[in-house]
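I have placed the structure first, in the form of C-alpha cells, so that the comments after it can refer back to it.
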Protein chains: 2
Amino acid sequence: MSLEDLGDKGRRAKSERAAAKSGVGAKPTLKTIAELTGLAVTTVSHALADAPQIALETRQRVRKVAADIGYLPDRAAQRLRTGRTNVISLVLDPHEEILGYATSMINGLTEALRGTAYHLVITPHFSDTPQIEPVRHIMRNRMADGIVFTRTEPADERVKLLMENNFPFICHGRTELATAHPYVDYDNYSFAYQAAKKLIAAGASKLSIILPPERFTFAHHLRHGFMTAVREEGIGFEIAKGVTLDSKSDDIRDYLFQRMAEPERPDGYICGGEVSALAVMASAYDHHLELGRDIRLVAKQTSGLFDQIRPRVETIYEDLTEAGFLMGELLLKRIAGPAPIQELQALQTV
Amino acid sequence: MSLEDLGDKGRRAKSERAAAKSGVGAKPTLKTIAELTGLAVTTVSHALADAPQIALETRQRVRKVAADIGYLPDRAAQRLRTGRTNVISLVLDPHEEILGYATSMINGLTEALRGTAYHLVITPHFSDTPQIEPVRHIMRNRMADGIVFTRTEPADERVKLLMENNFPFICHGRTELATAHPYVDYDNYSFAYQAAKKLIAAGASKLSIILPPERFTFAHHLRHGFMTAVREEGIGFEIAKGVTLDSKSDDIRDYLFQRMAEPERPDGYICGGEVSALAVMASAYDHHLELGRDIRLVAKQTSGLFDQIRPRVETIYEDLTEAGFLMGELLLKRIAGPAPIQELQALQTV
DNA sequence: AGCCTCATCTATATCGTTACAAATTTTTCG
DNA sequence: CGAAAAATTTGTAACGATATAGATGAGGCT
C-alpha cells in the first residue's frame, strides 16, 4: 500500500508540475478519462473505438467525458502501438516553376484532410539526390501512411517501388506502366489539342508549343494532342527546341526572341505554364509584334494571374486546388483499404 | 527459459512476417543494434547519444553498426518518451494572395531543416475558425516543438499566447507588443519609402498606395514609409480606399479602373504585391494610359514573374525563400534553448 | 589482502495506446 | 435455484525509446 501511495503521490506531483509549467491543465489521456468514469483504461479505449462489446450506455458516457475534457489521442502513442502514422507525405520538388503550383496542391490536400486525423508533412526532394530517395526513405522508415508526389514519368521508378511494396500513394500524372495505379491527372492531350484548334481558328498559320522536359509523361500527352491537331489541320508546326517549361523564364524568352526574329517564325504559341506564356508575350513585345494579330497565344491558366494580363490572352483552365483535393480523397480511400483501381483514378477534363 | 524462448520465437516469427510483407529487411531498432554488438539496448541508446560514460571505442563501434544497417530512431517512440515531437508546424493561411508566397517560405524552411531531425507539418488555418485556434491546438496537444506563422498583427493574440506559455515560435512580421519576441520581417517601411522616392524622381505628381488590411502590422510600416516620403517631398497622395492587397484581383482592378477615370487621379502607384501591380497595369491599359508616361508603378517583386512583364516595371525585391530559411534557422536556435532575443530577430533590408 | 574509486555497462520503469486473453457480472432458462 | 451462456469489463504485454538508479569489474591504495 505504502508503495502504491508513494507512486501515486509521485505521479500526481509530477503532473501538477507539468500543469503549472504549461499554464493549462495537464493533457488528458485515456487514464484521465478512466479515473473520471471509474472504468479501466482498456475499457475507455474500446469505448472510444466504438467497440460493440462495450455497453452502448458506457460508450456514450465515455464519449461525453472525452469531449468535455477535450481528449485527443496521443499521436505518438498511437503511432508506436499501431504502426499507423496518420501522416500523409507530400514530396515536393523544388523545381516547380508553375507559380503557386505547390500552394494550390497543398490547399487542396489540406481541405481533403480536414476533419481527419491525418497531418500533411512536406518532404522536400533536394535536387542533388535521386528522385526516388525521399520515397524510399518514407517507405523504409514508415514516415507516413501514404505518399503524394508529382511530375510523374512514363516508367516512374517511384510508382514501381511503391506498387511492389503495396504502399499507398497517389501521383499527379500517369505512367505508361502495364499495371494500373492510382493517379490524378489533367487531360493535357485535350488541352494541347483544343489550344491548337483555337489558334488555328483564330488564324494562326504555324504553331509552336513549349513542352515540359521529355522525361515527364505529360510532355508526351501534350505533344500527342498538339500533333493530332496540326495533322488534322495540315498546318505548319514546330516544337520549341532547347527550352522546356522547366527552363529559366529568361532563357525561354531569349529563345523565343531569337526565334521570332527568323523568317519562318511561328505565329501561334501554346504554353503549358503561365510564366512561359508571359515569356512569349515579352518577346513579342520586344519585337513590336502585336498579340492577336502577329502572334497568337493560348496559355494554361492555373491562377488568377491572367485575369490581369493585358492584352487579354486566351487561356484554358487547370484547377490545381481541385487536383490536390482529389489526390487527398483518393489517397485516403486507398489507405482505408484496397479499392477497385478505377475508383482511385481521376482525370480532370479541360 | 522455455517462456523466454517462446517469446523470442513469437517475436521473430512476427518480424519475419513483417519483413516478408514489406519486401525489405525489418526496420532496425536499438534492439537490432544491441543484438549485433552484444550490448544492452540501454548502452546502445547512450552510445548513440554520445554519452561520455560509454567508452569511446564502444561509441564508435555502435555508430558504425548503426550506420551500416541504416538505423534511424523511431520518431513515435522518441516522441512518446521524451515529449519532443521533432516537428515544426507552419500555420498556413489559405488567404495568401502573393503568388508562391507559401511555396517560397516552405522552400526556405525545408532548406533550414535539412539535415536535422525536424519535419515540416503544414497546419492549415481554415478561414471559418479564429486565427488563434490552430496555434492553441498545436500548443495544447503538443503537436510540434515550434510554430511558424505569418501575417502578424500589432497586438497579435498568437504571439501573446505563445509568449505566455514560453512556447517556441517565430513569425513573419513584427508586433507592437512591449515584450520583444522572435521574428523575421522585411523592411516594408523602407520599401514604401524608396518606392515613393523612385516614383517622384520619375516624375509622378500624385502617389497612391494599395495597402494590406489594416490589421496587419506591415500595413502600418508601409503606410509610415509612404507618408514619410510624401511629406518630405510635399507631394499629393492617397491611400487606396475599399480595397487591400487581400482583395480579389478583379476588385482591385475595378477600383483602379474607376479611380483612373476621375480627374484627380494619382499617376504613381506603389504595389506591395505582384498581382495588384498587374491590376494597376491592366486598368491603365484598359484606359489607354501609357505606363511610364501617364502612370508610373513600383511593385514589390517576390518571384521571377516581373522579369517577363512588359512594359518593364520598376520593382524592389523581397526574398521570401530567404525569409523562410531565416525563420527555420532562428526557430531551431530558439528550440535548442533560450537565446538573447536579438539573436532571434532578423530584418531583411530592401 | 581488503576496501574504495572510477570507468563502463545494464536492469527497470515509463511515455499513452491497443491487441489479446481472461475475468467478472448479468441474463437466460431448465 | 443453480449452471450455462451472454454481455460487459479488465489485466497484461507490447510498440521503441530514454531517465534513473544500480551493477559489474578493473585498478589503486593502505
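Per chain, numbering begins at 1; letters A, B, ... match sequence-line order. These numbers come from a predicted model, not from an experiment.
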Residues within residues 61-76 of chain A bordering DNA chain D, heavy-atom distance below 4.0 Å: none
Taking the side chain of A/Ala40 as its heavy atoms from C-beta onward, which of C/dT10, C/dT14, D/dT10 lies nearest to it? D/dT10
Starting at atom CD1 of A/Ile54, determine the distance to atom P of D/dA6, rounded to an integer number of angstrom. 18 Å
What is the separation between atom CD on A/Gln78 and atom P on C/dC15, rounded to the nearest whole Å? 17 Å
Quick one: is D/dT9 close enough that its OP1 or OP2 comes under 4.0 Å of any side-chain N or O from A/Thr58? yes
Check: B/Thr175/B/Asp156 side-chain N/O donor and acceptor closer than 3.5 Å: no
Using the side chain to side chain contact (heavy atoms under 4.5 Å, CB included) rule, pick out the option among B/Val87, B/Val91, B/Leu90, B/Ile88 that qualifies with B/Val121. B/Val87
In whole angstroms, how far is the C1' atom of D/dG16 from the CZ atom of B/Arg84? 16 Å
Within residues 113-127 of chain B or reaching into it, pairs that qualify as salt bridge (Lys or Arg N to Asp or Glu O under 4.0 Å) - sequence neighbours excluded: A/Asp128-B/Arg114, B/Glu111-B/Arg114
Which residues pass the side-chain hydrogen bond (donor to acceptor under 3.5 Å, both in side chains) test with B/Thr123, not counting sequence neighbours? B/Ser89
Minimum heavy-atom separation for A/His172 to A/Thr152, with atom names? O-OG1, 2.9 Å
Nearest to the side chain of B/Thr82 - C/dC15, C/dC9, D/dT18? D/dT18
Whole angstrom value for the distance that separates C1' of C/dT18 from CG of A/Leu80: 11 Å
Would you say A/Thr37's side chain and A/Ile33's backbone share a donor-acceptor pair under 3.5 angstrom? yes
D/dT12 P sits how many Å from A/Arg81 CZ, rounded? 16 Å
Tell me: CD of A/Glu57 to P of C/dT26, nearest whole Å? 13 Å
Taking side chain as C-beta onward, heavy atoms only, is A/Arg61 less than 4.5 Å from A/Glu57? yes
Take the protein atom CG of A/Leu39 and the nucleotide atom P of D/dT8, then report the distance between them rounded to whole Å. 13 Å
Would you mind writing out the side-chain donor-acceptor pairs for residues 325-345 of chain A within the sub-3.5 Å range, not counting sequence neighbours?
unit_1, atom_1, unit_2, atom_2, d
A/Arg334, NH2, A/Asn166, O, 3.3
A/Arg334, NH2, A/Asn166, OD1, 3.2
A/Gln345, NE2, A/His181, O, 2.7

Which comes earlier along DNA chain C counting from the 5' end, the contact point of B/Arg59 or that of A/Leu30, where each point is its nearest nucleotide? B/Arg59
Bending between helix ends of the helix from C/dA1-D/dT30 to C/dG30-D/dC1 [5 pairs per end, 10° resolution]: 70°
Over 12 non-hydrogen atoms of neighbours within 6.0 angstrom of CZ in B/Arg63: yes
Rounded to the nearest angstrom, tell me the gap between atom CG in B/Asn86 and atom P in D/dT18. 10 Å
A/Gln53 side chain near D/dT9 phosphate (N/O to OP1/OP2, under 4.0 Å): no
Spacing of CE belonging to A/Met163 relative to CZ belonging to A/Arg158, to within rounding of 0.5 Å: 14.5 Å
Does anything in residues 42-52 of chain B reach DNA chain C, meaning a heavy atom under 4.0 Å, and if so which residues? B/Thr42, B/Thr43, B/His46
On a heavy-atom basis, the closest approach of A/Pro124 and A/Pro134 is O-CB, 4.4 Å
In terms of side-chain heavy atoms, does B/Asp145 have a donor or acceptor partner in B/Thr85 at a distance below 3.5 Å? yes
Nearest-nucleotide 5' precedence on DNA chain D, B/Ala77 against A/Val41: A/Val41
